[in-house]
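So you know, we letter chains A, B, ... as the sequences are listed, proteins then strands, and number each from 1.
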Amino acid sequence: MADIQVTINGAVHGLPEGSRVQAAFQAAKVPAKGPQKPLAARFDGELVDLSFSLTKGGELAPVDQSDPAALDILRHSVAHIMAEAVKEIFPEVKVTIGPAIENGFYYDFDKAEPFTPDDLGRIEERMREIVKVAQPFQRQELTALQAVEFFKDRGEDYKVELIEDLVRDQGVRRVSLYRIGDFVDLCRGPHLPDTSWGGSFKLLSVAGAYWRGDEHRPMLQRIYGTAFFNRKDLDEHLHLLEEAKRRDHRRLGRELDLFSVSDEVGGGLIIWHPKGALLRVTLEEFERQEHLRRGYDIVMGPQILRTELWKRSGHWDNYRDNMYFTEIDGQGYGIKPMNCLAHMFIYRSQLRSFRDLPLRFFELGTVQRHEKSGVLHGLTRVRQFTQDDAHLFCTPETLDGEIKGILDFVTDLMGAFGFEFEIELSTRPAKSIGSDEAWNLATTALETALKDKGVPYEINAGDGAFYGPKIDVKLKDALGRRWQCSTIQCDFTLPERFDLTYIDNDGQKKRPVMLHRTIFGSLERFIGILTEHFAGAFPTWLSPEQARVLTVTSRADETAREARARLRKAGLRAEADLRNEKLGYKIREAQMQKVPFMLVLGDKEVENGTVAVRRRGGEDLGVMTLDDFTSLAEAEARPPRWD
RNA sequence: GCCCACAUAGCUCAGCAGGUAGAGCACAUCCUUGGUAAGGAUGAGGUCAUCGGUUCAAGUCCGAUUGUGGGCUCCA
């Protein structure tokens, strides 16, 4: 057999044609033990199995645990192991697909009876046995026709459909199958060398999921799980899940007495309690001031607008199912799901000159959207919410600068909370209005601004709003979870539909461009995210209660009342705990309520005119006068500013 | 909207071979005046989500409705 030249780690090795990757690695003395032990390989950049036979020369690189692709290979392989276990225990089940996902994997099964928690335990047990005996992943290639026959014989209709689609949509002629034990699955691979690698896994939950994500197709049973290369990483991940549960804003919202929802009031409708409302208005006031500073005007529109307007804007055709409608004196009205219409009417209330532009209208606009019942979730998915919404009207010449200004605004505000973010550019969806030309202009404008700013972004094809493309900002919270908040949408269409114009310097009537944008997105959602991000320990400037005076005995009551009054006069949100309880009890409670500062007042302090200051978390700041405390607390008790 | 699970005191939960409810925390009263994460005693508090069915008898079994949770689809 002819030799082929394979380059491994920079060194060229001559190998017989048809050699397996594994043998090549042996020849190149790639470690076969320890963390550098390869589990797969890259051949000229393509991921392949260790059992792959090399039929031509090329560049071969080992893929070990540290490789970015390694975890996906592991998880996908564990999904196969799970499917094998499921098929053994429930032979009547039909298998579908089982990919690796961000934090683990899932596999969808067609099974008449749903899996019970007991079933999960049995499956997990069987998986551990499979892992123990180190079944090899064996790859086999068949023609598409052979594969269809193979799966038809086994009654695996979903696999048959997948192959038929591959043939039809991608012209695929040959497909690969992977076998472990008696379980054979259609799969591109690559996979682990054998099942012994998959030891650190855990099955997490069962859920319904539509076949191919289509709500008109059958509902399948999905099992979620996760897997890591070692026990430690798995435990860390499970701990993170626990931590997320501990930080759940619905739980903290109740414990900190921020808000509630009531089934008597209705799903997805938030009731703000005093502390939550205080937090919210603090956030709102911060934003109002920051908008005024950046040249925005504050405006307010009505809650309902005539149905004709929603028809003209395109909402009736594109968004009607999500809207509430009502009738007054025989006249139809739509409750606003967005704030843009009234802002356009403010624009239209005068003849505008190019000198007036840009106009930036800002509204904390409360909108109603009829969300499907199954999607409601705490503060993050509700039916009535308030957007920090603005519409900017500008000339095509100044559009670029306005988009960049918004990007800076987003960066500042997200930075104020310690959020990092990622950006997506969403392009024209199937259901949309406006000309191709307008869409291209708008998309290019957003893209150019991102490029000029040097901001990395990804394209999210077909996910734009119906009236224009958008930049979506996904912020990352303290646990690394991503949330959609800010959005910047570029719109050439609504100005057209509502005949917005300005007189340009050549005396001609021209069409302004409209930017829709939010920064926090929805106050409700943002507060939910903040709550989880800070685990309820909000920065001092946002904390509903910033300082609490704690008395040691009732002899300090009078002084404590005076102290509270002085703190409030100094602009701090202060309370006093005068209850007949021990200091330890009061500390514990203030700590659980995440009050940033605790001021202890006992006989000594009363006598010396001081307080003993303790920070949330336990740090002892020592004994000081009230004035010293207020000047110490002042900086962090004020909202951030960029001057 | 769809799949599954769940719904008992303000909160977290127990109760189940169907025989008319229990704990801890919180709350109230009293005692305790105690220095940095829970002092003690006593007490009050529930038409067991709603409606209907089976049964001599239903928190417990069955059905429907509403709501919640985990997902799917959708989305700020």
Applying the 5.5 Å / 30° rule, does A:Phe385 stack onto the base of B:A76? yes

B:G45 versus B:U29 - spacing of their C1' atoms, nearest Å: 14 Å

A:Glu363 bridged to A:Arg288 by N-O distance under 4.0 Å: no

If the threshold is 4.0 Å, N to carboxylate O, is there a salt bridge linking A:Glu215 and A:Lys372? yes

Rounded to the Å, how far apart are A:Arg212 CZ and B:C3 C1'? 20 Å

Interatomic distance where CD1 belongs to A:Ile223 and C1' belongs to B:G71 [whole Å]: 13 Å

Is A:His377 near enough to B:G70 that one of its side-chain N or O atoms lies under 4.0 angstrom from OP1 or OP2? yes

Closer than 4.0 Å, any side-chain N/O of A:Thr553 to the OP1 or OP2 of B:G34? no

Please confirm whether the shortest side-chain N or O distance from A:Arg588 to OP1 or OP2 of B:G39 is below 4.0 Å. no

Go nucleotide by nucleotide along RNA chain B from the 5' end; which of A:Asn322 and A:Tyr210 gets its closest nucleotide reached first? A:Tyr210

Electrostatic pair A:Arg217:A:Glu161 at N-O distance under 4.0 angstrom: yes

Distance below 4.0 Å between A:Tyr224 side-chain N/O and B:C4 OP1 or OP2: no

Checking only heavy atoms, does the side chain of A:Glu605 share a donor-acceptor pair with the base of B:G35 at less than 3.5 Å? yes

Taking only N and O in the side chain of A:Lys582, is any of them less than 4.0 Å away from OP1 or OP2 of B:A37? no

Using the C1' atoms only, state how far B:A23 lies from B:G63, rounded to an integer number of Å. 33 Å

Using the P atom in both, what is the distance from B:G53 to B:A57, to the nearest Å? 12 Å

Just how far, in rounded Å, is C1' of B:C74 from CZ of A:Arg217? 19 Å

Interatomic distance where CG belongs to A:Asp257 and C1' belongs to B:C11 [whole Å]: 12 Å

Mark yes or no for a side-chain to base donor-acceptor pair under 3.5 Å between A:Arg381 and B:C74, with no hydrogen or angle criteria applied. yes

Evaluate the criterion side chain to side chain donor-acceptor pair (under 3.5 Å) for residue pair A:Arg212 and A:Tyr210; output intermediate values, then yes/no. CA-CA 6 Å; A:Arg212 302 196 135 180; A:Tyr210 300 111; over 6 Å; no

Under-4.0 Å salt bridge between A:Glu243 and A:Arg247: yes

May I have the distance from A:Arg525 (atom CZ) to B:C74 (atom P), rounded to whole angstrom? 15 Å

Which is it for A:Arg517 and A:Ile403 under the side chain to side chain contact (heavy atoms under 4.5 Å, CB included) test, yes or no, and what are the steps along the way? CA-CA 10 Å; A:Arg517 54 109 277 204; A:Ile403 297 172; over 6 Å; no

Exercise: identify the closest heavy-atom pair between A:Ala227 and A:Val78: CB-CG2, 3.8 Å

Touch check for A:Gly602, heavy atoms < 4.0 angstrom, all strands: base, sugar-phosphate only, or nothing? base

When you compare B:C6 with B:G10, how far apart are their P atoms, in angstrom units rounded to a whole number? 23 Å

From CG of A:Asp214 across to C1' of B:C2 the rounded distance in Å is 12 Å

Side chain to side chain donor-acceptor pair (under 3.5 Å) evaluation trace for A:Thr386 with A:Thr366: CA-CA 4 Å; A:Thr386 299; A:Thr366 301; 2.8 Å; yes

If you look at every strand shown and take non-hydrogen atoms under 4.0 Å, does A:Gln484 touch a base, only sugar-phosphate, or nothing? sugar-phosphate

Expected rows: protein N/O vs nucleotides 23-26 of chain B N/O, under 3.5 Å:
from  : atom 1 : to       : atom 2 : distance (Å)
B:A26 : OP1    : A:Tyr585 : OH     : 3.3

Could you tell me the separation between the CD1 atom of A:Ile488 and the P atom of B:A76, rounded to a whole number of Å? 14 Å

Secondary structure of RNA chain B per the Watson-Crick/G-U criterion (both distances under 3.5 Å; [ ] crossing, | other strand, . unpaired) is (((((((..((((.....[..)))).(((((.......))))).....(((((..]....))))))))))))....

Report the distance from atom CD of A:Glu371 to atom P of B:C2, rounded to the nearest whole Å. 16 Å

Separation between the P atoms of B:G69 and B:A26, rounded to whole Å: 27 Å

Check whether any side-chain N or O of A:Arg254 sits under 4.0 Å from OP1 or OP2 of B:U12, and answer yes or no. yes

CE/A:Met300 to CZ/A:Phe362 distance, rounded to the nearest 0.5 angstrom? 10.0 Å

Among B:A76, B:C72, B:U36, which nucleotide sits nearest the side chain of A:Val600? B:U36

Could you go step by step and tell me if A:Tyr467 and A:Gln489 meet the side chain to side chain donor-acceptor pair (under 3.5 Å) rule? CA-CA 9 Å; A:Tyr467 45 76; A:Gln489 306 172 353; 2.4 Å; yes

What contact category does A:Lys604 fall into here, base, sugar-phosphate, or nothing, at under 4.0 angstrom with non-hydrogen atoms? base

Full working for side chain to side chain contact (heavy atoms under 4.5 Å, CB included) between A:Glu371 and A:Leu376: CA-CA 7 Å; A:Glu371 302 292 349; A:Leu376 302 175; 4.1 Å; yes

Looking at the base of B:U33, is there any donor atom on it, or on the side chain of A:Arg555, that sits under 3.5 Å from an acceptor on the other one? no

Pair A:Arg561 + A:Glu558, salt bridge at N-O below 4.0 Å: yes

